Amino acid sequence: MNISEIDPLELAHKRPDWSAVEPLTKGQKSGFLLFLAALLAAVVVAPVRTAQILVAVCTAVYVVMTLYKFLVIGKSASPKAIMRFSAEDIAKRDAAGDWPVYTILIPMYREPETLKQMIGALEKMDYPADKKDVQFLLEEDDDLTLNAAAQLQMPPGFRVTKIPESFPRTKPKACNIGLHLAKGKYLVIYDAEDLPEPDQLKKAVLAFEQSPENVACVQSRLNYYNPRQNLLTRWFTAEYSAWFDLQLPGLAALGAVIPLGGTSNHFKTDILQQLMGWDAYNVTEDCDLGIRLGRAGYTTRMLETTTWEEACSVFRFWIKQRTRWQKGYIQTWFVHMRKPFLLLRELGLVNFMHYQLLVGGVTFSVLVNPFFWTMALGWFIFRPEGADRLFPGPVFAAGAFCLFVGNFVFVYINLLGCCKRKWDDLMWASLLTPVYWMMMSYSGWRAFIQFFRAPFVWEKTQHGLAKTTGGAK
Amino acid sequence: MKRRLAFWLGLAVSAVLAALALIGIFRGGHSGLLYAGINGICREILRGSTEGRQALVGSCWHGPLPTLFALPFMAVLDGYWGFFGCLAAQFAALWLMLLGVGTLAPRNAVLRFGLQIAAVAAVVALRNCVDWHLGMSLALGLIAVLIRALWDWTVRGGAKSVVGIGFSSALLLWCGAQFFVPVAAALLWMLLVALRKCDLRCRMQAWFLLGCGPVLYVLAVWMLLNRLVMNDWIYFMRSYRLGSVAEAFHNPGNVRDDIKTAHWSCKCIEEYVKAKSQYARVFVVGYAGLDLLRHYGVHDCLTPNMDLHVGDLRYAYKGQHLFVLVPKPEGIAKFESVFWRYPDIYTRGAERLLLDRDFADGWRLFEVVAAPTQEQLDEWN
């Protein structure tokens, strides 16, 4: 197939209602403005009552989020939470017959320094060389990486796919072209700096073969190979350990829709093609795809294998990366909430609630947190007049529960994540997680503003800052 | 199916046991005290009053966890139904914890019922010890979970057991300060087991943070709340001795000097304002005020006040002769919120607050007066 014949924006063209091409529909804009107007009117007419209701609603969300975390983490201990395969399982499958062709997509942009490392890592992967279909997706104007690729001797099955210059310049758009050119039965995406465990492809094949037909995606665990570089990478690693080793397995055990993690998600290629690939306008296309899989009746499983990545070690770049992720979550929430009743019918009530808590609830908390921290601090220090009127008895009790129990639980989850990875020396840093939450709230508000001002801007993660890859086990 | 049946059966049995416990408590003649106590505490917490917060975190009657557990029932259900619901839920929680404990608790359902009945018997038998009443079933369940987790840890090790030890210990501690020693012993045992096994010893900091973390956190929060609400970091630990305040008054030889002084000051203030008006009420400001009143006991005339909003006070206590007692802004007392709002209150008073007189230990009494009329203003001018 000729690249010029491929429409990388197929989803936006054929199913615009599933794409973030229009960040907010007219109905959503009207609804949003109406809500703001009603809120303003309520503040003018009955400020105390309005504030009481807002505080009560936010507190209720916090309580639900805290209990939800309890449930998810509790479920992560279930045997259904994660699929495990031993070396013996792989050996048995080796003896049973041929492995299917596996497509590996590596979208890159201005990352010539990581190309050699990536080729090395892919060559080391324990999978028949003739069954690997590796595509480096390089932008047409990225001379740096294109030149670096031209100077390297590509192993058989490895090729460079040039992505024509067009708007939007996003990773999912490049991946859509790669998807159309894929030869494999299964497909996986890796980032340029990734170091997947060598047996990951084989484990993924086993996972697909031993799962029901409706399992369309297998998510590997992600973690970082430079956790000890500085405090930021320590926090980031603790967060990732908790997310990929506890929370996502917990969600999988609950049979919930899973917002997919950035890379190392393995797909059945034909199903992904039916779903028209990734949304090129969504800056967290992986999260969106996870929800679309759920809406189409497919499920995702977690796989016990790790892809090691580089933790962003510079505050400025971390903020940009997190802004993009949070903006993507906001985009995704609005896209799927265009027709909430249809979403409810397609996902079912339980998964609908999972979606609200995972995508909407997390973003909501990040945005609201600074107000509550300020209120709590103000109450403890200044005891301003009338503050207690905002927290009538039951709301005060629920708020105190969130403040003292909820926050501790969230920190403890990070401790558990580190413990599970046997990164005990990172646990002390996890105790300072509240500072990390403040950073998240800052990037959350940045994302919220950017969602309205520049919804498609892709703040690219800066790679190549790691001083070591020694953390990969 | 079997698990579901066990669950519903457990709930039904819990309801019956709660009714039996209720009857036992009533027959013991303690219904008034127990019911009125928890009802009052919950009512005050739901009102958001200082007294409610004090009862929650510094109470010498019930630990915070049993009180929090009772709160939703007392809020939603009326009167004794709330009390019954709370007891039933506690027995249900005990049942669920015994189910969760699994192998340690008897697998036989009859024996499990036996354990529950033992819990009821314990509640009824210990009805004379007021501070044991409310959290009895919860504490029994948590002790079972803690023992199971310790057993697992000793035999097999693993993070799951440590999490179990950490959370059950922390919750147990919040059932009452009297569990401090068994909780400390459990944690010590956990660390000793880790020290004895090679594979566990190398991860001591992980076990310490996961196992002791929840307990230390609960303790820290409890202390912080005691500092904020009771002006004493370890009031909850002391409350048994001071509570007891009544006992101390019966035996003056054992009363500490500061308690005697505080008691004397309060008595003087009360006599002074009562001489002025039969309907006098003194608001004793801030945490220092709590400290002063702690040794004086509950009294209508002297009321603790954390926030000092003069307008609100006048509105809430219409027709009464109101006074405000302010501590000298020295030492820790200078951080009282009242001095944030009225920096010069001690030296110059404030709007509608007129200096009346000084008392011992630097306490200064102000009278709350009505807003001056135009005639008065003209006269002053």
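In what follows, chains carry the letters A, B, and so on, assigned in the order in which the sequence lines appear, proteins first and then strands, with residues in each chain numbered from 1. From a predicted model like this one, the values you see are computed outputs, not experimental measurements.
- Both the backbone and the side chain of Pro214(B) have a heavy atom closer than 4.5 Å to some heavy atom of chain A.
- In this structure, chain B has a heavy atom under 4.5 Å from the side chain of Leu431(A), while its backbone stays farther away.
- Put simply, the side chain of Lys422(A) reaches to within 4.5 Å of the side chain of Arg203(B), judged on heavy atoms.
- For Lys160(B), the NZ atom sits in a loose shell: 12 or fewer heavy atoms of surrounding residues, nucleotides or ligands are nearer than 6.0 Å.
- Between the side chain of Tyr412(A) and the backbone N or O of Gly213(B), no donor-acceptor pair lies under 3.5 Å.
- By the 4.5 Å heavy-atom criterion applied to side chains, Phe404(A) and Val218(B) are not counted as neighbours.
- Interface remark: Leu426(A) contributes no atoms to any contact with chain B (heavy atom separation under 4.5 Å).
- No side-chain heavy atom of Met204(B) sits under 4.5 Å from any side-chain heavy atom of Asp424(A).
- When the candidates Ala77(A), Cys419(A), Cys418(A) are compared by the number of heavy-atom contacts under 4.5 Å with chain B, Cys419(A) comes out ahead.
- Within a 6.0 Å radius of CZ in Arg201(B), other residues, nucleotides and ligands contribute more than 12 heavy atoms.
- Contact annotation for Ala159(B): only side-chain heavy atoms (C-beta onward) come within less than 4.5 Å of a heavy atom of chain A.
- Aromatic ring orientation, Phe70(A) versus Phe167(B): perpendicular (interplanar angle above 60°, classes split at 30° and 60°).
- Counting non-hydrogen atoms of other residues, nucleotides and ligands closer than 6.0 Å to NZ of Lys197(B) gives a total above 12.
- Residue Leu71(B) touches chain A through its side chain alone, counting heavy-atom pairs closer than 4.5 Å.
- Most heavy-atom pairs under 4.5 Å with chain A, from the set Leu210(B), Leu224(B), Val162(B): that is Leu210(B).
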